[in-house]
Amino acid sequence: MVSIKQNLSIVKDKIDNAAKSVSRSEHEITLLAVTKTVDVDIINEAIEYGIEDVGENKPQELARKYQAIGDKVRWHQIGTLQTNKVKYIIDKAYMIHSLDRIALCEEIQKRAEKIDKTINCLVQVNISEEESKHGLLKEDVIDFIKIVSKDYSNIKIKGLMTMAPFSDNKEDVRKVFKGLKDLSLEIEKLKIQNVSMETLSMGMSNDYEIAIEEGSTMVRVGTSIFGKRDYTKI
Ligand SMILES: *Cc1c(COP(=O)(O)O)cnc(C)c1O
């Protein structure tokens, strides 16, 4: 039996320690519980123990769980978002972590406008330049953000998101997180209207401590809270 309470306490301690090790406050870091494949009653248990932000990577799954749990937590759409699925989450998601192309901005803008909502988005960046990874290449990010700022008034860019390579080499992983942080500082300096860089969504079960050391403000943790799940089943 997995103890959610115990797992959460371990993860929170590790977040605190990683933050302290680089003289940051643990309050700067939001723990986003990744609840894909996790049942509603287990999610409710995590909420009882203090979770306020949950992340799903399948829009229909987010919508289904939202019906059961509602607004007592903030819902985050993480992972690739197909344009034809925006409709499932537009009125439910607090933040979309995977803004990575203009076609998606078009769809989000159209749907958000209809319900008079401004939606928080993070631009997903493929820092490691692995072909398997989604997200914009680093050199395309600034132009993209300028376009969003100018043309999509119902999209509010709040920061950046990345995924580290699956690697045992911690220095490779660290380089990716540092790359995202550096890019965010560069963008901040440009003072682009309606764009902030307050959120850096980086770090998962395997690497969230390194991400925090490199400036993450939001870690997306699934396995370390809920145990190993078979992601291929759903
Ligand atoms: C599944 C997932 C996570 C969480 O991964 P764990 O290794 O289970 O912590 C984080 N981010 C994204 C985009 C995911 O799809």
Side-chain angles (χ1 to χ4, degrees), residues 2-4 6-15 18 29-39 42-43 45-46 49 51-65 73-82 85-86 88-89 93-101 104 120-128 130-136 158-170 172-174 176-177 180 199-234:
V2 183
S3 164
I4 307 291
Q6 201 176 357
N7 287 349
L8 269 174
S9 146
I10 293 168
V11 170
K12 282 182 191 159
D13 279 349
K14 288 188 175 176
I15 290 174
I29 297 136
T30 301
L31 171 57
L32 172 57
V34 177
T35 51
K36 57 191 183 202
T37 78
V38 176
D39 289 339
I42 307 278
I43 301 175
E45 197 185 332
Y49 299 132
I51 284 297
E52 296 177 324
D53 292 87
V54 297
E56 289 283 341
N57 67 342
K58 297 223 164 83
Q60 279 125 311
E61 196 176 337
L62 188 156
R64 180 172 62 75
K65 290 173 181 175
V73 283
R74 289 180 287 263
W75 294 84
H76 297 252
Q77 171 65 42
I78 59 172
T80 324
L81 179 57
Q82 289 171 267
K85 305 241 165 108
V86 170
Y88 296 117
I89 55 118
Y94 167 76
M95 187 176 267
I96 295 171
H97 289 229
S98 44
L99 197 69
D100 62 355
R101 57 197 193 280
L104 184 57
N120 301 315
C121 291
L122 305 178
V123 176
Q124 185 168 353
V125 190
N126 183 358
I127 296 279
S128 61
E130 283 174 284
E131 266 180 51
S132 60
K133 292 253 187 297
H134 291 275
L136 288 162
K158 289 277 199 178
L160 307 175
M161 179 271 208
T162 199
M163 291 174 78
F166 296 106
S167 165
D168 290 332
N169 184 336
K170 287 198 169 161
D172 287 349
V173 171
R174 186 179 298 282
V176 167
F177 294 147
L180 196 73
T199 304
L200 281 190
S201 167
M202 56 187 197
M204 307 178 17
S205 290
N206 280 332
D207 52 27
Y208 65 89
E209 290 161 281
I210 304 173
I212 290 167
E213 288 165 15
E214 296 303 330
S216 172
T217 71
M218 193 174 279
V219 292
R220 308 180 308 269
V221 180
T223 309
S224 294
I225 300 173
F226 300 108
K228 270 216 165 61
R229 291 158 278 163
D230 186 353
Y231 288 149
T232 59
K233 267 195 186 146
I234 288 194

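Note that ligands are numbered from 1 as they come in the structure, with each ligand's atoms numbered from 1 the same way.
- In terms of polar-atom proximity, Gly222 is counted as a contact of ligand 1, with an N or O under 3.5 Å from an N or O of the ligand.
- Taking every heavy atom of Thr223 and a limit of under 4.0 angstrom, the matching atoms of ligand 1 come to 6 (P), 7 (O), 8 (O), 9 (O).
- Shown here are the salt bridge (charged side-chain N to carboxylate O under 4.0 Å, His left out) partners of Lys85, two or more places apart in sequence or in another chain: there are none.
- The pair Lys36-Glu61 does not count as a salt bridge, with every side-chain nitrogen at least 4.0 angstrom from each carboxylate oxygen.
- Heavy-atom proximity to Lys36, at under 4.0 Å, picks out these atoms of ligand 1: 1 (C), 2 (C), 3 (C), 14 (C), 15 (O).
- Distance check: Leu81 CG to Arg101 CZ gives 7.0 Å after rounding to the nearest 0.5 Å.
- The shell of residues lying under 4.0 angstrom from ligand 1, judged by heavy atoms, excludes Asn206.
- Every residue two or more places apart in sequence or in another chain that forms a side-chain contact (heavy atoms from CB on, under 4.5 Å) with Arg174 is listed here: Glu171, Ile210, Glu213, Glu214.
- Near Val221, meaning under 4.0 Å from any of its heavy atoms, are these atoms of ligand 1: 9 (O).
- Within the listing of ligand 1, atoms 11 (N), 12 (C), 13 (C), 14 (C) sit less than 4.0 angstrom from a heavy atom of Ile78.
- Side-chain contact annotation: His76 with Asp53, donor-acceptor N/O pair under 3.5 Å present.
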